[in-house]
Amino acid sequence: MKDTSSDIYYVTGGAGFIGRHFNNLLDEGNVTNIDIRVQKVVPNQVYGDIRKIQDIRNSIGDANIIVHLAAAHYDFEKDYFATNVEGTKNLLKVADEQNIDRFVFYSSVAVYGQNEEPAHEGTAPNPDNDYGRSKLEAEKLIKEWAEQKPERKVLFIRPAVVFGPHNFGNLFNLTRNIDRGLNFHIGRKPVIKSLAYVENLVEATHYLIHNMTEKSQTFNYVDNPQLTNFDISNNISAAFGQRKSLTISYPLALLLGYFFDLIGKFIDKELMISVKRVKKFCTPTHFNADKVFETGFKPRFTTVRALEYTTRWYIENREVWTKEHEMLKKLFRKNYGITIE
């Protein structure tokens, strides 16, 4: 359902994966999207960089709410703080100048670090990498901004791994491997991998925006049912009409990862099989998101249905995602000097 309110949105990272889905909920006359890349499908887009405050000043217009999606988040990006912290500082400064009093920030479950029990909103943040640390620092800046005036309200969204059509992250790589017949379970111990389907996520955000009753609210976002790494690959495999995965031992998978890392280094290319991805696949990432559902929000997709829908999109739109993936590869090569498969 389109937003019929009088709100005028300023969306950072609006041409990105989550941004383009969030835009589907907005009247294109009531949004400006700022991004460092151009997507024809995204309305009212301004080419700009939030690390440059004048780019924000030149484009923010009459916005009365900021939805901050732009972020450095890829594993091979080095300076997370320049975008995630300094970029946020610039946005807050302009929000202050323009008397904008609502701010929505897409943070991450990475702020929690590793926990033995599923982290919930009351779990003390303890990030164990620079990405998580940069997101947590940005959260603190936004909270300080909110406290400066009584009318200001902020909403923090901490999603788990987000997937869906037009995404080219880890789940896309898993889907491509399965499509190529490389469908393997690593080891024999399944681990929970919390997932967030993009359409559910943006609809939850939209719902929460229109129910901002407190000064500051924080919500994890994870879809149900929570699945293991084996469940996820089996569901994708079933959508392809393939048989279930073969199992290889964890030590053998690591050995293959080292082998492909060496090949990747030799040909200057990041391959889909690597030590980093093997370890990620076998590490539990389990989070609790009961709080968002207790507000009354009801997602349209279960995790299983969303996996099936996304795999079907992958199958039926090969020309679309191939073209988009090629554009992304060029962007990575230009901006980071990284060649991905």
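Nothing fancy with the numbering, it's 1 onward along the sequence. We use all heavy atoms of the structure for the numbers below, so side chains are in, but hydrogens, waters and symmetry mates are not.
- Here the side chain of Asp179 pairs no donor or acceptor atom with the backbone of Thr175 at under 3.5 angstrom.
- Partners of His286 by ring pair (Phe, Tyr, Trp, His ring centres under 6.0 Å), not counting sequence neighbours: none found.
- Remark: Asn224 engages no residue in a side chain to side chain donor-acceptor pair (under 3.5 Å) (not counting sequence neighbours).
- When every heavy atom of Pro159 is checked against every heavy atom of Ser107, the shortest pair comes out as CD-O, 3.5 Å.
- In summary, the aromatic rings of Phe240 and Tyr314 are positioned with their centroids under 6.0 Å apart.
- Cation-pi check for Arg305 over Phe301 is met; the charged atom lies under 6.0 angstrom from the ring centroid and within 45 degrees of its normal.
- Hydrophobic clustering (ILVMFWY, side-chain heavy atoms < 4.5 Å, transitive): Val222 and Val292 are in distinct clusters.
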Practice prompt. Might you work through the side-chain hydrogen bond (donor to acceptor under 3.5 Å, both in side chains) test for Tyr106 and Thr205, ending with a clear yes or no?
Written response: CA-CA 9 Å; Tyr106 272 74; Thr205 304; 2.5 Å; yes
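- Proximity of a side-chain donor or acceptor of Lys153 to a complementary backbone N or O of Thr213 within less than 3.5 Å is not detected.
- Considering CG of Asp101 and NZ of Lys149, their distance stands at 9.0 Å, rounded to 0.5 Å.
- Every residue meeting the side chain to side chain contact (heavy atoms under 4.5 Å, CB included) condition with Asn64, not counting sequence neighbours, appears here in chain and number order: Asp7, Ile8, Arg102.
- With values rounded to the nearest 0.5 angstrom, Leu141 atom CG is found 10.0 Å from Leu136 atom CG.
- Following chains of ILVMFWY side-chain contacts shorter than 4.5 Å, one can reach Ile18 starting from Val104, so the two form part of one hydrophobic cluster.
- Counted by atom type alone, His185 and Asn229 present zero donor-acceptor pairs between their side chains at under 3.5 Å.
- In this structure, the separation between CG on Leu201 and OH on Tyr197 is 11.0 Å, given to the nearest 0.5 Å.
- For Lys135 and Glu139, the salt-bridge test fails: no basic side-chain N is under 4.0 Å from an acidic carboxylate O.
- Closest of all the heavy-atom pairs between Asn30 and Ser5 is ND2-O, 3.8 Å.
- Every residue meeting the side chain to side chain contact (heavy atoms under 4.5 Å, CB included) condition with Arg188, not counting sequence neighbours, appears here in chain and number order: Thr247.
- Legend: residues meeting ring pair (Phe, Tyr, Trp, His ring centres under 6.0 Å) with Phe17, ordered by chain and number and at least two apart, are His21.
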Item to complete: Would you please test Asn33 and Tyr9 for side-chain hydrogen bond (donor to acceptor under 3.5 Å, both in side chains) and show each step?
Response: CA-CA 8 Å; Asn33 293 283; Tyr9 289 82; over 6 Å; no
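- Atom-to-atom distance recorded for Leu254:CG and Ile248:CD1 is 9.5 Å, nearest 0.5 angstrom.
- A donor-acceptor pair is defined here as one N or O able to donate and one able to accept, closer than 3.5 Å; such a pair exists between the side chain of Lys193 and the backbone of Thr283.
- In terms of modelled atom types and a separation under 3.5 Å, the side chain of Ser233 and the main chain of Phe230 share a donor-acceptor contact.
- Checked against the 6.0 Å centroid threshold, Phe219 and Phe156 do not count as a close aromatic pair.
- Residues satisfying the side chain to side chain donor-acceptor pair (under 3.5 Å) criterion with Thr12, sequence neighbours excluded, are His68.
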Discussion item. What verdict does the side-chain hydrogen bond (donor to acceptor under 3.5 Å, both in side chains) test give for Asn234 and Ser237, after you've listed the backbone C-alpha separation in whole Å, the side-chain angles of each residue and the deciding distance to 0.1 Å?
Written reply: CA-CA 5 Å; Asn234 286 341; Ser237 180; 5.8 Å; no
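- Enclosure of atom NZ in Lys189 is not indicated, since only 12 or fewer non-hydrogen atoms of other residues, nucleotides or ligands lie within 6.0 angstrom.
- Between Ser194 and Phe287, the shortest heavy-atom contact is OG-N, 2.9 Å.
- In terms of modelled atom types and a separation under 3.5 Å, the side chain of Asp55 and the main chain of Arg51 share no donor-acceptor contact.
- For the atom pair CD (Glu199) and OG1 (Thr310), the distance works out to 8.0 Å, reported to the nearest 0.5 Å.
- With sequence neighbours excluded, the residues satisfying side chain to side chain donor-acceptor pair (under 3.5 Å) with Lys89 are Glu86.
- Residues passing the salt bridge (Lys or Arg N to Asp or Glu O under 4.0 Å) test with Asp96, sequence neighbours excluded: Arg152.
- Judged by distance alone, with hydrogens and angles left aside, the side-chain atoms of Thr83 form no donor-acceptor pair with the main-chain N or O of Tyr80 at under 3.5 Å.
- Evaluation of the side chain to side chain donor-acceptor pair (under 3.5 Å) rule for Thr303 yields no partner, not counting sequence neighbours.
- Hydrophobic cluster membership differs between Ile192 and Val161, with clusters built from Ile, Leu, Val, Met, Phe, Trp and Tyr side chains linked at under 4.5 angstrom.
- With hydrogens and angles ignored, the 3.5 Å screen pairs no side-chain donor or acceptor of Asn126 with any backbone N or O of Gly113.
- Under a hydrophobic clustering in which Ile, Leu, Val, Met, Phe, Trp and Tyr are joined whenever their side-chain heavy atoms come within less than 4.5 Å, directly or via other members, Val198 and Ile209 fall into the same cluster.
- Applying the side chain to side chain contact (heavy atoms under 4.5 Å, CB included) rule to Leu246 yields the partners Phe184, Arg243; only residues at least two apart in sequence or on another chain are considered.
- Hydrophobic clustering of Ile, Leu, Val, Met, Phe, Trp and Tyr side chains at less than 4.5 Å, counting indirect connections, unites Ile100 with Ile53.
- Across all non-hydrogen atoms, the minimal contact from Pro43 to Glu28 is CB-CB, 3.5 Å.
- Using modelled atom types, one finds no donor on one side chain facing an acceptor on the other under 3.5 Å when comparing Asp290 with His120.
- When atom types are taken as modelled, the side chain of Asn220 and the backbone of Asn288 share a donor-acceptor pair closer than 3.5 angstrom.
- Partners of Tyr112 by ring pair (Phe, Tyr, Trp, His ring centres under 6.0 Å), not counting sequence neighbours: none found.
- Contacts of Phe293 classified as ring pair (Phe, Tyr, Trp, His ring centres under 6.0 Å), with partners at least two apart in sequence or in another chain: Tyr221.
- Checked against the 6.0 Å centroid criterion, the rings of Trp321 and Phe172 qualify as a close aromatic pair.
- In summary, Arg300 and Glu203 engage in a salt bridge, as defined by a charged side-chain N under 4.0 Å from a carboxylate O.
- Taking 4.0 Å as the cut-off between side-chain N and carboxylate O, Glu121 and Arg158 do not count as a salt-bridged pair.
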